[in-house]
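Worksheet: the structure to be examined is printed underneath.
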Number of protein chains: 2
Amino acid sequence: MDSMIRVVIVDDHKILTEGLKGLIDGSGSAIVVGVAHSAAECRLSLGFWKPDVLLLDVGLPDISGLDFCKEVKTQFPAINVLALTTHDEYSIVRQMLDNGASGYLIKNAMTEEVLAGIQAVAAGGTFLCHEVDLLLKRPREKHIWLTERERELLKLIAEGLTNGEIADRIFLSPETIKSYRKNLLLKLDAKNTAVLVRIAIEQKLIG
Amino acid sequence: MDSMIRVVIVDDHKILTEGLKGLIDGSGSAIVVGVAHSAAECRLSLGFWKPDVLLLDVGLPDISGLDFCKEVKTQFPAINVLALTTHDEYSIVRQMLDNGASGYLIKNAMTEEVLAGIQAVAAGGTFLCHEVDLLLKRPREKHIWLTERERELLKLIAEGLTNGEIADRIFLSPETIKSYRKNLLLKLDAKNTAVLVRIAIEQKLIG
DNA sequence: GATAAAAACCCCCTTTAGGGGGTATCGTAG
DNA sequence: CTACGATACCCCCTAAAGGGGGTTTTTATC
C-alpha cells in the first residue's frame, strides 16, 4: 500500500524491538522497514530504508540518542523522529525536542500511544505521551535548566575537581568557580556538593 | 499440555511485556499465564496464576524488584525467579541472586536467551545471560562490595548530611563517621565526596 | 536605549572534609 | 588459636567548601 507509514526502530533492547515490530506491522497503518540496535548500524542503512518515522531510543550503546537525533535531522530533515525511552527527566525531553524530535514517548506508555504517536509525527505534527505532556506543562520554576557554562562546571565538579583545578582547566579565576558553585547550589536547591552531584545525575543534567 | 512451563511477567514497560508474551507463547514450550505492571498488581494474582517461572524487572514503579524477589521466594519458594532488567551493575546482580533469583537476563540480550533462561530455571537450574556471566567471572578486586554499615553511611552522605549530622542520626561518634568516610573513599577509589556520590549512584550501591 | 540575564571577578570568615597517623572489641573462618 | 574483616573510636593538621556580602562587562531582548 502506498499509504503505509514507513517506520525504522533504533533501540538496543532486542526483546522490545521484536515486540514493537509485531505491534506496528499488525496495526495496518504503518510498517517497520528497518530495525537497528545501535546508531552505527542505523547510519549504514538509513538512506536505503527511507523511513517517514524514526523511533529512537536515548540510551544507545554507541552514542547518545540526543546527538544521533540531531545528526539524523541534519542529514535527513524529512524524517520525523519520535523518541522512545525510559527517561522522564525534563532535561532529556527538552534536549531531545531542541535537537529536532517531533515527539516523545516513555516506554511504559500505553501501546496505543505508540501508534498514535507514529501517525501524528508522520503527518508532520507533534506528539507527546500523557506523562511527558504533564511534565512540560508544569510551572517554569519546577524545571531545572542550566546554561552551557553551568553544565560544564557541574560536570567538572562531579568528576571531583576542586575549584582551583577547574580554574586551571578552563582558565578562569578560582573565585569565579566559587561563584558558579554557589549559584549551582542555589539553582538545584542543594545543601552541598554531595547533593549537587546526586541531583545532577538523577536529573540527567550532565552527559 | 501438561508439560507447558507456566510463566508470569512483571514489568511496567507495557510495550515490552506485549512483545515478550507473544515470543514466549509462540515458543511452544512455555505459556504466559499472567502479566503484571507493578508488584502490587502481581501480589493480587500470583497465588492464582501458580507460575513455574516469574520474569521479574528490577525497576518496578511501586517497590524494588530486589525486595519483591525476596518476598516472592519467601511466600512461594517453588516459583523460580528470572530477573529481566536493563541493569548490568555487579551490585544489582549480586543482590538479586542473594535474594533468591535463579537467573539474570539483561534486556538487550538475545531473544533466544529468554527462552533458554525460562527452561533452565523451570527445571530448577540457574541461568545467566552471556554478559552477566562475564561480569561475575571478573576478578574479585574489580567488584565493589560494601558492608551494610558502609551502604547506610554512603546513603546518608549522598543525602548531604555532614559527619556531625550522620553521627547524631545513627548515634555514633563523628570521628567514627570520619573513619568510614575515609574508608569509603579508599574502597571506591574516589578523590572526594563528589566522586564518591557519583560512583555510588552509577554502580547502584545505594537504594 | 533600557532591562535583564549570563559570565567573570573579588574579599572576609566559618565550617566541613580530607590526609596522616593510630587503638580496641567482636565474631568467624581457617 | 590466630588472623582477618567489620565495627567503632581518637588526635593533629591542612585543604577545600560554603555563607555572606559585593562589582563589571557583555550580550541578547524588548
Side-chain angles (χ1 to χ4, degrees), chain A residues 90-91 94-95 98 139-201 205-206, chain B residues 90-91 94-95 98 139-201 205-206:
Chain A
Y90 175 74
S91 162
R94 163 130 185 202
Q95 285 181 75
D98 282 355
R140 183 191 314 236
E141 307 83 52
K142 295 288 290 178
H143 297 311
I144 299 169
W145 192 243
L146 304 178
T147 65
E148 265 303 299
R149 213 35 159 182
E150 284 169 338
R151 263 198 299 278
E152 188 186 0
L153 278 161
L154 191 49
K155 195 177 284 187
L156 294 171
I157 290 168
E159 280 170 18
L161 301 205
T162 65
N163 292 336
E165 289 165 343
I166 296 174
D168 287 347
R169 177 82 73 91
I170 61 176
F171 308 110
L172 286 180
S173 156
E175 284 299 323
T176 305
I177 314 297
K178 227 176 136 179
S179 294
Y180 273 100
R181 200 168 193 139
K182 278 190 278 193
N183 206 249
L184 281 169
L185 290 175
L186 247 177
K187 265 199 176 179
L188 304 202
D189 192 29
K191 192 190 165 196
N192 53 32
T193 302
V195 179
L196 191 70
V197 171
R198 188 165 57 74
I199 296 176
I201 299 175
L205 300 173
I206 49 181
Chain B
Y90 175 75
S91 162
R94 163 132 185 199
Q95 284 182 77
D98 282 355
R140 182 190 316 237
E141 305 85 52
K142 296 286 292 179
H143 298 312
I144 299 168
W145 192 242
L146 304 177
T147 66
E148 265 302 301
R149 218 23 164 188
E150 285 169 337
R151 263 198 299 278
E152 188 185 2
L153 279 161
L154 191 49
K155 195 179 285 187
L156 294 171
I157 290 168
E159 281 171 17
L161 302 205
T162 65
N163 292 335
E165 290 166 344
I166 296 174
D168 287 348
R169 178 82 72 91
I170 61 177
F171 308 110
L172 286 180
S173 157
E175 285 299 323
T176 305
I177 314 297
K178 227 176 136 178
S179 294
Y180 273 100
R181 198 165 193 143
K182 280 189 277 193
N183 207 249
L184 280 169
L185 290 175
L186 247 177
K187 264 199 177 180
L188 305 201
D189 192 29
K191 191 190 165 194
N192 52 33
T193 302
V195 179
L196 191 70
V197 171
R198 189 164 56 75
I199 296 176
I201 299 175
L205 300 172
I206 49 181

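In what follows, every chain begins at residue 1, and chains take the letters A, B, ... in the order their sequences are listed.
Between A:Leu205 and A:Ile199, the closest heavy-atom pair is CD1-O, 4.4 Å.
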What donor-acceptor contacts under 3.5 angstrom involve side-chain atoms of residues 158-174 of chain B, with partners at least two apart or in another chain?
residue  : atom : partner  : partner atom : Å
B:Thr162 : OG1  : B:Glu165 : N            : 3.3
B:Asn163 : OD1  : B:Arg181 : NH1          : 2.8
B:Glu165 : OE1  : A:Lys191 : NZ           : 2.5
B:Glu165 : OE1  : B:Thr162 : N            : 2.9
B:Glu165 : OE2  : A:Lys191 : NZ           : 2.8
B:Ser173 : OG   : B:Glu175 : N            : 3.0

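Using a 4.5 Å heavy-atom threshold, the side chains of B:Val195 and B:Leu188 count as separate. Within the 4.5 Å cutoff, side-chain heavy atoms of B:Ile157 are placed close to those of B:Leu184. Inter-residue side-chain proximity for A:Thr193 and B:Thr193 is flagged as unmet; no heavy-atom pair is nearer than 4.5 Å.
Residue B:Asp168 contributes atom CG, which lies 11 Å from atom P of C:dT16 at whole-angstrom precision. Residue A:Asn163 contributes atom CG, which lies 14 Å from atom P of C:dC10 at whole-angstrom precision. Rounded to whole Å, the distance from CD1 on A:Ile166 to C1' on C:dC9 is 16 Å. For B:Leu185 and C:dA17, the CG to C1' distance is 9 Å, given to the nearest whole Å. Across the protein-nucleic acid pair, A:Ile177 atom CD1 and C:dC10 atom P stand 11 Å apart, rounded to whole Å. Regarding B:Ile157, its CD1 atom lies at a distance of 9 Å from the P atom of C:dA17, rounded to whole Å. Rounded to a whole Å, the CG atom of B:Leu196 is 11 Å from the P atom of C:dG19. A:Arg181 places its CZ atom 17 Å from the P atom of C:dA8, with the value rounded to the nearest Å.
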What's touching nucleotides 25-30 of chain C from the protein side, N or O pairs under 3.5 Å?
none

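Atoms CG and CG, on A:Leu186 and A:Leu196 in that order, are 11.0 Å from each other to the nearest 0.5 Å. A distance of 10.5 Å separates CG of B:Leu154 from OG1 of B:Thr147, quoted to the nearest 0.5 Å.
Counting non-hydrogen atoms under 4.0 angstrom, A:Lys178 reaches a base of the nucleic acid.
Not one side-chain nitrogen or oxygen of B:Asn192 sits closer than 4.0 Å to the OP1 or OP2 atom of D:dA16. For A:Thr193 and D:dG18, the shortest distance from a side-chain N or O to OP1 or OP2 is below 4.0 Å.
Rounded to 10°, the helix from C:dG1-D:dC30 to C:dG30-D:dC1 has 60° between the axis fitted to its first five pairs and the one fitted to its last five.
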Seminar exercise, completed: Scoring nucleotides 23-30 of chain D by protein non-hydrogen atoms under 4.0 Å (B base, S sugar-phosphate only, - none) yields --------
Exercise. Taking protein heavy atoms under 4.0 Å as touching, what does nucleotides 5-10 of chain D look like 5' to 3' if B marks base contact, S marks sugar-phosphate-only contact and - marks none?
Worked result: -SBSBB
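Below 30°, between 30° and 60°, or above 60°: for B:His143 and B:Tyr90 the angle between ring planes is below 30°, a parallel geometry.
For residues 143-153 of chain B, the salt bridge (Lys or Arg N to Asp or Glu O under 4.0 Å) pairs, not counting sequence neighbours, are B:Glu148-B:Arg151, B:Arg149-B:Glu152, B:Glu150-B:Lys187.
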